[in-house]
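For reference, the structure discussed in these notes is given below.
Worth saying up front: this structure is predicted, and the values here are computed from it rather than measured.
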Amino acid sequence: MILTLTLNPSLDRTIEVGALTRGAVIRAAATHLDPGGKGVNVSRALLANDVRSCAVIPYGGSEGRRLLDLLSAEGIDMVPVPVEGPTRSNVAIAEPDGTVTKVNEPGTALTPAELDTLAGAVLDAARSADWVVASGSLPPGVPIDVYAGLGRRFAGAGVNLAVDTSGPALVSAVSAGPALVKPNRDELAEATGTSIAHVGDVLDAVGKLRAMGARSVLTSLGADGALLVEDDDRVWYGECAVEEPRSSVGAGDALLAGFLAAGARGGTALAEGLAWAGAAVGLPGSRMPGPADIDRTHVRIGSPDPARQLCPY
């Protein structure tokens with residue numbers, strides 16, 4: 001079983017437009033409302049592919065109740081933890097070429113008592129878990145070492161921890177030696193102080209992150225695919241072509257979910273993660289792909305070319 005923790009979940013509204021023009025009145029072609037938050041998305045992707053998962057989620061206010069309703073409608077196994085502040089709402093504007101502009105609310109601060117309750121819920125549920133996925137941004141005021149503290153407690157219980165976060169929270173988390181870290185290109189560059197323009201730069205930055213304490217590192221590179229460096233120093237690079245991109249929201253979460261579902265080791269797991277991520281990019285909003293959406297024929301796995309230039313931002 002794969003347990004997920006999302007400290008800053010959200011309601012995600014995606015608006016599809018023909019083009020985004022600043023200052024103009026734009027008519028939406030379609031809108032979608034989805035449960036959001038990185039760990040939430042991982043659990044949704046796993047459920048869609050019949051992989052057992054449970055999501056630990058703080059919720060508050062009418063937005064929080066709506067979030068639980070949406071997750072219940074999808075059949076997500078949850079451990080909901082009530083908190084005083086309201087759950088945040090995010091807006092994404094998606095253009096036909098796959099470009100997505102996001103406006104994310106910061107979320108509501110969690111009290112020390114609420115954090116203790118969440119940590120207890122995670123530790124109780126983790127007793128039957130193979131992996132715990134701690135992911136997403138931290139709400140305002142939450143200590144940056146919260147993931148690191150959980151990681152140390154999981155290590156004593158023999159539970160594998162995967163971390164997908166950013167900024168100081170990522171730097172702090174790797175000090176606890178998580179089994180897996182999944183940064184994207186920007187997050188990797190920020191955490192290591194490395195300018196990343198080529199695949200070789202990714203390899204150098206991953207080396208720095210591992211020296212800081214991370215064991216295996218799965219780096220998502222957007223249209224350039226993903227790179228996996230394992231704790232035994234094996235390196236894998238992969239790509240997945242997407243013919244008609246619609247939304248990149250949640251693609252990194254689908255990558256992580258597919259990778260874990262396939263055993264979290266080697267090129268086979270990387271290929272599965274990329275297939276799930278590619279399928280997510282072809283879906284509207286932050287929908288997670290099911291078996292009917294996933295086409296593995298577009299995935300290519302091989303060795304990285306350090307000289308390869310990455311797509312510009």
Side-chain angles (χ1 to χ4, degrees), residues 1-6 38-55 74-77 126 128-136 154 158-164 178-184 188 202 206 210 214-242 248 250-283 286-304:
M1 192 266 284
I2 298 171
L3 180 71
T4 65
L5 169 65
T6 307
K38 298 182 75 62
V40 167
N41 286 337
V42 170
S43 282
R44 293 172 64 218
L46 292 167
L47 175 67
N49 291 275
D50 297 320
V51 179
R52 188 181 171 214
S53 178
C54 178
E74 292 189 14
I76 296 290
D77 185 12
S128 59
D130 301 306
W131 282 89
V132 173
V133 177
S135 60
F154 294 146
V159 177
N160 290 311
L161 175 66
V163 176
D164 184 2
L180 176 68
V181 178
K182 197 219 72 64
N184 62 28
L188 181 64
V202 179
V206 167
R210 293 185 65 209
R215 289 156 59 189
S216 292
V217 180
L218 173 62
T219 305
S220 53
L221 299 171
D224 289 296
L227 186 143
L228 170 66
V229 180
E230 297 190 319
D231 53 8
D232 59 3
D233 297 326
R234 291 188 303 168
V235 180
W236 307 85
Y237 181 80
E239 298 175 88
C240 181
V242 180
S248 60
D253 307 322
L255 170 69
L256 178 56
F259 179 75
L260 294 176
R265 299 293 299 183
T268 299
L270 177 60
E272 189 70 359
L274 282 166
W276 290 30
V281 171
L283 295 173
S286 57
R287 277 183 52 193
M288 291 292 105
D293 305 307
I294 297 171
D295 183 356
R296 296 169 179 83
T297 62
H298 294 295
V299 178
R300 298 290 181 269
I301 300 294
S303 299

To the nearest 0.5 Å, how far apart are [atom1] in [X] and [atom2] in [Y]?
X: Arg287; Y: Asp293; atom1: CZ; atom2: CG; result: 6.0 Å
X: Ile301; Y: Trp236; atom1: CD1; atom2: CH2; result: 8.5 Å
X: Thr219; Y: Leu227; atom1: OG1; atom2: CG; result: 6.0 Å
X: Ile2; Y: Trp131; atom1: CD1; atom2: CH2; result: 9.0 Å
X: Leu260; Y: Leu256; atom1: CG; atom2: CG; result: 4.5 Å
X: Arg234; Y: Ser216; atom1: CZ; atom2: OG; result: 9.0 Å

Which atom names give the shortest non-hydrogen contact between [X] and [Y], and what distance separates them?
X: Pro304; Y: Val235; value: CG-CG1, 3.6 Å
X: Ala126; Y: Val159; value: O-CG2, 3.8 Å
X: Val242; Y: Gly282; value: CG1-N, 4.4 Å
X: Asp295; Y: Ala275; value: O-CB, 4.5 Å
X: Thr268; Y: Ala262; value: O-CB, 4.5 Å
X: Gly266; Y: Leu228; value: O-CD2, 3.8 Å

Set of side-chain hydrogen bond (donor to acceptor under 3.5 Å, both in side chains) partners for Ser303, sequence neighbours left out: none
Check against side chain to side chain contact (heavy atoms under 4.5 Å, CB included), Val299 and Glu239: CA-CA 6 Å; Val299 178; Glu239 298 175 88; over 6 Å; no
If only side-chain N and O atoms count, and only distance matters, is there a donor-acceptor pair under 3.5 Å linking Lys38 with Thr6? no
May I ask you to decide if Gly39's main-chain N or O and Thr4's side chain share a donor-acceptor pair within less than 3.5 Å? yes
Distance-only, no hydrogens or angles: does the Asp130 side chain make a donor-acceptor pair with backbone N or O of Met1 under 3.5 Å? yes
Can you list the residues that meet the side chain to side chain contact (heavy atoms under 4.5 Å, CB included) rule with [X], with sequence neighbours excluded?
X: Ala254; result: Trp276, Ala280, Met288, Pro289
X: Ala214; result: Val174, Val181, Leu209, Val217
X: Arg300; result: none

Test: salt bridge (charged side-chain N to carboxylate O under 4.0 Å, His left out). Region: residues 256-275. Which pairs qualify, not counting sequence neighbours? Glu230-Arg265, Asp231-Arg265, Asp232-Arg265, Glu272-Arg296
Could you tell me whether the side chain of [Y] reaches within less than 4.5 Å of the side chain of [X], counting heavy atoms only?
X: Leu47; Y: Ser53; answer: no
X: Leu221; Y: Val202; answer: yes
X: Arg215; Y: Val229; answer: no
X: Leu180; Y: Asn160; answer: no
X: Pro183; Y: Asp164; answer: no

Taken in chain and number order and not counting sequence neighbours, the residues that satisfy salt bridge (charged side-chain N to carboxylate O under 4.0 Å, His left out) with Asp50 are none
Working note: Asn184 + Leu188, criterion side chain to side chain contact (heavy atoms under 4.5 Å, CB included); need CA distance, chi angles, decisive distance, verdict. CA-CA 6 Å; Asn184 62 28; Leu188 181 64; over 6 Å; no
